[in-house]
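A note on names: the letters A, B, ... follow the listed sequences, proteins ahead of strands, and every chain is numbered from 1.
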2 protein chains.
Amino acid sequence: MPIPKLAASPAVLGRDELVDSLARISFVTMGVLTRVAAEHELSLTQLRVLAILRDRQMSMGDLAAYLGLDRSTISGLVGRAEERGLLRRAPNPLDGRGTYVTLTQDGVEQCAHGANEVAESLAPMTNALTPAETRRLTTLLEHMLNPR
Amino acid sequence: MPIPKLAASPAVLGRDELVDSLARISFVTMGVLTRVAAEHELSLTQLRVLAILRDRQMSMGDLAAYLGLDRSTISGLVGRAEERGLLRRAPNPLDGRGTYVTLTQDGVEQCAHGANEVAESLAPMTNALTPAETRRLTTLLEHMLNPR
DNA sequence: TATTGTTATACTCTATAACTATA
DNA sequence: TATAGTTATAGAGTATAACAATA
């Protein structure tokens, strides 16, 4: 499945070409994430919710801020996931208004399976690199993700 | 806005860490694309449709295959974009069943503006790299996108 | 008064199924 | 019969507005 270019054809490899490559690789990656999620009957956003909760507990409001979504949207997402037994809500004992969301055991397992499937689905792409290239690419991506 | 990890903490930079970095950079990039699209009152999918049509003409069915969506979904997307004057439908003179979709002048301009805004929004990230790093990263990403 | 969360409402995206028109 | 596209329908994601409960 070819990915559309956002920029013109590359004469030199400058910032525009990087943005173009980033956009294309992102569509591929998000496509894989969306497909894996769908195979677990999850939306991409629900997958993100589960991934976020994998190593922490969060309030509804924190989840909303984290994902850049309205709290009312989180209510729906969490409600549907809770009905399916992937996570549960618990009251915040320190604040009667607050609610904490945590993964259930089933949710934890689905996360683990999903992560494996994502890695396998991306393997045709990631295997195109040598171990040295893999390290270099990861370092460069992390450099962008954590600019200083 | 921090991005959730899908993999465990990195001891070495192997394939799992690359997948994790890819997922996180993709969420950032897609977030930017979604926000820029929203500022033009477009969905991410509509932005993709416009980007695809930027340098080619396509039938409804081709668009569906390209985006991995059902043709009925494309009918709705194209219909709404057509109402807004961003693209137009024209019959295929060689096949009475076929329909070609092309950008209008307005659609072309929105695409150009959008591409600039995306590049600007990603600048805080892409500017973290030196020109040499930018070239290396782009080359590595393209290597993955076009495996041999 | 301000904050946390939910509910009601409306719109878009999406797929499935049924349909029309053309090949 | 098969293919291109549309329409009707239904479910999920999303935001806005109004609301209840708590601080």
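- For B:Asp95, the side-chain atoms get nearest to C:dT22 when compared with the rest of C:dG5, C:dT22, D:dA12.
- If B:Leu94 and A:Thr99 are placed on DNA chain C by their nearest nucleotide, the residue sitting closer to the 5' end is A:Thr99.
- Rounded to whole Å, atom P of C:dT3 lies 15 Å from atom CG of A:Asp62.
- Listed nucleotides C:dT14, D:dG5, D:dG13 differ in distance to B:Met60; the shortest reach to its side chain belongs to D:dG5.
- Sorted by first and then second residue, the salt bridge (Lys or Arg N to Asp or Glu O under 4.0 Å) pairs with a member in residues 28-41 of chain B read B:Arg35-B:Glu39; sequence neighbours excluded.
- A salt bridge (Lys or Arg N to Asp or Glu O under 4.0 Å) check over residues 91-119 of chain B, counting only residues at least two apart or in different chains, returns the pairs B:Asp95-B:Arg97.
- Side-chain polar atoms of B:Thr102 and B:Gln57 form no donor-acceptor pair below 3.5 angstrom.
- Remark on DNA chain D: of its neighbouring residues A:Arg97 and B:Gly98, the 5'-side contact belongs to B:Gly98, judged by nearest-heavy-atom nucleotide.
- When the side-chain nitrogen and oxygen atoms of A:Ser43 are compared with OP1 and OP2 of D:dG13, one or more of them lie within a distance under 4.0 Å.
- For the segment residues 72-92 of chain B, the set of residues with a heavy atom within less than 4.0 Å of an atom of DNA chain D comprises B:Ser72, B:Ser75, B:Arg89, in numerical order.
- Mapping A:Gly96 and A:Leu44 onto DNA chain D via the closest heavy atom, the residue that lands nearer the 5' end is A:Leu44.
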task = Kindly determine whether A:Leu69 and A:Thr45 satisfy side-chain contact (heavy atoms from CB on, under 4.5 Å), including the steps that lead there.
result = CA-CA 10 Å; A:Leu69 299 172; A:Thr45 308; 3.9 Å; yes

